[in-house]
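Below: one structure, written as C-alpha cells.
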Amino acid sequence: MSILKKLFLPVLILFFIAACSSDKAALKDSGISEAEEALIQANEKINNKDYEAAKVLLEKVKTTDTTMKFATLAQIRLADIYFEQELFDEASIEYENFLSMHPYNKYAPYAQFQLAMSFYKQMTTVDVSYSLALRALKEFRILQESYPRNPYMDVTETRIAKCLSILAEHELYVGMFYFNKEAYASAASRFNELLEKYPDLKKEADVYYYLGLSYKNLGEKEKALKAFTTLIEKFPATALAKEAEDIIAKIK
C-alpha cells in the first residue's frame, strides 16, 4: 500500500462509518439524508477520478447540510480532490480554511499534514524551491507542535530533514553566486549564516573552503586561516583539506 493510500485510509474509513450511520430515518426527516447521499456519490466519483462531478456534489453537501456532520467531511474531501489533481495552491487554501474553521476536529492533524505536503510536493530544484521549503517546514512544525499525537510523526521527520536540506542548498547556491561574482564579503556572510543555521549541512567542508577563500580574497588573513584550519580539523581525509593545507602554507 502506498504512503498516499495509507494517509487517505483513515479519512475513508471514517467517511464509511459516517455514511453508514444507523439512524437514517431521522436523517431523512431532517433533510440530512440528501447530504449523506450526495457525499456517498461524491466519494464514488472521486474513486473513479471524475473529480469535477465530485466537486459539484461536495459543494452541494457543504451548502445543504445544516448539521455540518457531512459538510465537514465534504470540505476536506474537496481539498483532497485538488491535492490528487496536483492543484496544490487550491488544495492548500481548502486545507487552511478547514483548519481555520475546525482546529480541534478529528481530521485536523490530517488536514495539517496535507497542508504541509501541498507545499512539499511543489519543491523541485534548489534555485526555485526556497519559499516552498520554508513554508512546508513551518507547516510540518505546526503539525508536530499542535498535534503531537498525530500518526504522521515518522514521515514528518523525514520531510523536515528534506526541507532543511533544500534551504541549506539554497543558501550555498546564493553564497556561490556571490563568490563567483567576486562579491566576497556577501559570499562570506552567506557562508557564515549557513554554518550557523544548518550545523548538519552535508557540504560543510565546501562551505569552510569557500569561506576561507572569500576571506583570503578580502585580505582577512586570520579569518581565512581559521576557516581553512577548521576544515582540516573536521574533514582531514578530504581533498579540500589537502588544498586548504597548501593555501595555508602559501599565506602564512
Side-chain angles (χ1 to χ4, degrees), residues 1-123 136 139-140 142-143 146-147 149-156 158-159:
M1 184 181 291
S2 68
I3 291 176
L4 188 59
K5 286 184 178 179
K6 288 181 180 178
L7 297 178
F8 282 125
L9 190 57
V11 171
L12 295 176
I13 291 173
L14 290 168
F15 166 73
F16 179 78
I17 293 171
C20 296
S21 57
S22 60
D23 195 357
K24 289 190 176 181
L27 293 175
K28 185 176 182 179
D29 292 341
S30 63
I32 294 177
S33 59
E34 183 181 354
E36 179 183 359
E37 177 62 26
L39 189 55
I40 293 171
Q41 291 178 11
N43 206 47
E44 292 173 350
K45 298 292 185 185
I46 293 170
N47 290 338
N48 293 326
K49 300 189 183 301
D50 188 358
Y51 297 127
E52 296 310 313
K55 288 177 187 175
V56 173
L57 289 164
L58 292 172
E59 290 293 348
K60 178 181 177 182
V61 175
K62 288 172 63 179
T63 55
T64 58
D65 180 23
T66 56
T67 70
M68 299 302 291
K69 181 177 180 180
F70 299 102
T72 304
L73 277 168
Q75 188 176 6
I76 203 164
R77 292 301 281 152
L78 190 59
D80 289 342
I81 289 176
Y82 287 125
F83 189 90
E84 290 189 44
Q85 289 181 301
E86 299 186 353
L87 299 172
F88 296 117
D89 289 340
E90 290 84 349
S92 66
I93 291 171
E94 292 295 333
Y95 288 126
E96 280 187 304
N97 288 339
F98 179 88
L99 289 163
S100 175
M101 296 173 65
H102 313 288
Y104 305 111
N105 187 277
K106 56 188 172 186
Y107 303 129
Y110 170 79
Q112 182 63 47
F113 180 80
Q114 289 294 94
L115 174 60
M117 287 299 296
S118 298
F119 297 103
Y120 182 87
K121 284 279 189 179
Q122 297 181 76
M123 292 173 6
E139 300 302 339
F140 281 129
I142 290 175
L143 174 66
S146 299
Y147 310 102
R149 299 179 65 183
N150 75 79
Y152 315 110
M153 290 300 275
D154 290 343
V155 179
T156 300
T158 304
R159 301 291 191 268

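We use all heavy atoms of the structure for the numbers below, so side chains are in, but hydrogens, waters and symmetry mates are not. As the structure is a computational prediction, the values presented were derived from the model and not from experiment. Numbers here simply count residues along the sequence, with the first being 1.
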Relative to the ring of Tyr95, is the ring of Tyr110 parallel (under 30°), tilted (30 to 60°) or perpendicular (over 60°)? perpendicular

What is the ring orientation for Phe98 with Tyr107, classed by angle as parallel under 30°, tilted 30 to 60°, or perpendicular over 60°?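 Tilted.
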
If you look at every heavy atom in [X] and [Y], which pair is closest and at what distance?
X      : Y      : value
Thr156 : Leu143 : OG1-CD2, 3.5 Å
Asp65  : Ala35  : CB-CB, 3.8 Å
Arg77  : Asp80  : NH1-OD2, 3.0 Å
Ala79  : Ala91  : O-CB, 3.8 Å
Lys60  : Ala38  : CD-CB, 4.4 Å

Does Lys55 have more than 12 heavy atoms from other residues, nucleotides or ligands lying within 6.0 Å of its NZ?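 Yes.
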
Over 12 foreign heavy atoms within 6.0 Å of CG, Asp154: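 Count not over threshold, so no.
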
Ring of Tyr120, cation from Arg159 - is the NZ or CZ under 6.0 Å from the centre and inside 45° of the axis?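 Judged by the rule, Arg159 and Tyr120 form a cation-pi pair.
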
Donor-acceptor side-chain pairing of Tyr147 and Gln112 below 3.5 angstrom: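 Tyr147 vs Gln112: no donor-acceptor pair found between side chains.
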
Are Gln75 and Glu94 linked by a side-chain donor-acceptor pair shorter than 3.5 Å?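 Result is no, nothing qualifies.
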
